[in-house]
Amino acid sequence: MSNLYCIKGDILYTKDFGSFETIESGYILIEDSKVKGVYKNLPEKFLKVKVTDYKNSLIIPGLVDLHLHAPQFPNIGLGLDKELIPWLETYTFPEESKYDDIEYSKKVYSKLIKEIWKYGTTRCCVFATIHKESCKLLIELFNTSGLGAYVGKVNMDYDSPINLLEDTDNSINDTEELLKEYRDKFPLVKPIITPRFVPSCSDKLLKSLGELAIKYNVPVQSHLSENRGEIKMVADRYPNEPNYASVYNSSNLLGQTKTIMAHCIHLSDEEITLLSNKNVYVAHCPTSNVNLSSGIAAIRKLINNGVKVGLATDISGGHTLSLIEVMAYTMQMSNLKWIESNYQDAPLTTAEMFYLATKGGGNFFGSVGSFEEGYDFDALVIDDSKEEPFNYLSLEERLQKFIYSGDYKKIKARYINGNIVNEPNL
Ligand code: GUN
Ligand code: FE
């Protein structure tokens, strides 16, 4: 017997980039954790299915965070008057070196996951630290929470502070151990190969991680072209590579398996073509990009060139774990890009931005981020009934108000893979 149920409310999602699908007072039918259909009127044969009626609430797909650093949670808001490299050296590396301590890891990571849940994020891609045991703990905690996540042990064996500098062979062996242990252990939480970025990895390490990605068919996440100083470090070290992206590509870390690259602000046209051809996902981190004075990513241009894009908080370069806020920043930064590009790169519409926050990033996880048939049922129920009803608002306008209010307290229920997920008890 399949498990069928139905929820009712004001449904809004994006199937195609640039347009909303909306049904006021409609039904979503869920069968065995997946969307079976969305209806204005429930078909006759389903009239006996149990319906949960979220009267006058918005129902939208869960939000997907394609890039964040779990160990940087205690640093949120710190040091954002610096650029990337001094910020890493002054704040980030000292904090990340603490995660050889399992008790400290547990304290931070438990609280972090509750916060991620609070803001309506249902799936995320996460950097841990170099520490194997702490990374295992993070994977286990995510699994207990009911959230979906890719979690990566960070690899660093080059030009890094002494207490974050790994022995190359240990780095490779620890990574392989994690892949073996967690590749098939949990349905919604999986390991991901995570070289921090080219400047902190030796060539041998990059090549070995690429081999592991292919051997175990696991995805990859890293940083690409965030800051001009960073790009120069890579260019100086690899004079024979045409660009930064090709360093990853030469090590089988750019689309040989599913790949996310965070930032991608200062890409050349050749790099954009490479990312597009390799089906690489760009994690767009607008809060981080403005905080660390990194720049404004050319999201319109990336999309026009066929690059996949999702949104990300990138804490603690980003100062908020709330994708609701990041959605507003995405709109604002795209407006600035429009001006900066001399009115070439048109600003994103709400529907386009919302696609990135849901289906754009969700597709990295499979059929996630939409209410089309066969999609994993991830949803947020948003009660905005306390808004002053000065005027009639369409569903799209209600979503706009929710986004710009940043008010996560309006989220009344969260579904992930067909299950209601309550505040994690960690
Ligand atoms: N590049 C390498 N490491 C980091 C990090 O922790 N945060 C950001 N924003 N960029 C990075
Ligand atoms: Fe990052």
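Quick caveat: nothing in here was measured; it's all calculated off a predicted structure. In each ligand, atom 1 is the first atom listed, and ligand 1 is the first ligand listed.
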Q: Among Phe402, Tyr119, Trp117, find the one that has a ring-ring contact (aromatic ring centres under 6.0 Å, His included) with Tyr408.
A: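 It is Tyr119; the other options fail the test.
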
Q: Between Phe371 and Leu12, which heavy-atom pair has the shortest distance, and what is it?
A: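 Scanning both residues completely, I find the closest heavy atoms to be CE1-O, 4.1 Å.
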
Q: How long is the span from the OH atom in Tyr99 to the CG atom in Leu138, to the nearest 0.5 Å?
A: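 Spacing of OH (Tyr99) from CG (Leu138) equals 10.0 Å.
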
Q: How long is the gap from OG1 on Thr350 to CG on Leu399, to the nearest 0.5 Å?
A: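 Reported to 0.5 Å precision, the distance equals 7.5 Å.
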
Q: When the aromatic ring centroids of Phe364 and Tyr150 are compared, is their separation below 6.0 Å?
A: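 Close enough - the centres of the two rings lie under 6.0 Å apart.
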
Q: Let me confirm one number: the NE2-OG distance from His67 to Ser288, rounded to the nearest 0.5 Å.
A: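 Going from NE2 on His67 over to OG on Ser288, the span is 7.0 Å.
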
Q: Examine distances only and state if a side-chain atom of Ser208 and a backbone atom of Leu206 form a donor-acceptor pair shorter than 3.5 Å.
A: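 Not confirmed, Ser208 side chain does not pair with Leu206 backbone.
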
Q: If waters are left out, how many protein N/O/S atoms lie within less than 2.8 Å of the Fe ion (ligand 2)?
A: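 Counting protein N, O and S atoms closer than 2.8 Å to the Fe ion (ligand 2) gives 4.
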
Q: List the protein residues in contact with ligand 1, where contact means a heavy-atom separation under 4.0 angstrom.
A: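 Only His69, Gln72, Leu84, Trp87, Leu88, Arg196, Phe197, His223, Glu226, His263, Ser288, Asp314 have heavy atoms that fall under 4.0 Å of ligand 1, ordered by chain and number.
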
Q: Are Arg196 and Glu166 ion-paired here, with the side-chain N under 4.0 Å from a carboxylate O?
A: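 The answer is no: the pair does not qualify as a salt bridge.
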
Q: Measure the acute angle between the ring planes of His319 and Tyr329, then classify it against the limits of 30° and 60° as parallel, tilted or perpendicular.
A: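 The rings of His319 and Tyr329 stand perpendicular, inter-plane angle above 60°.
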
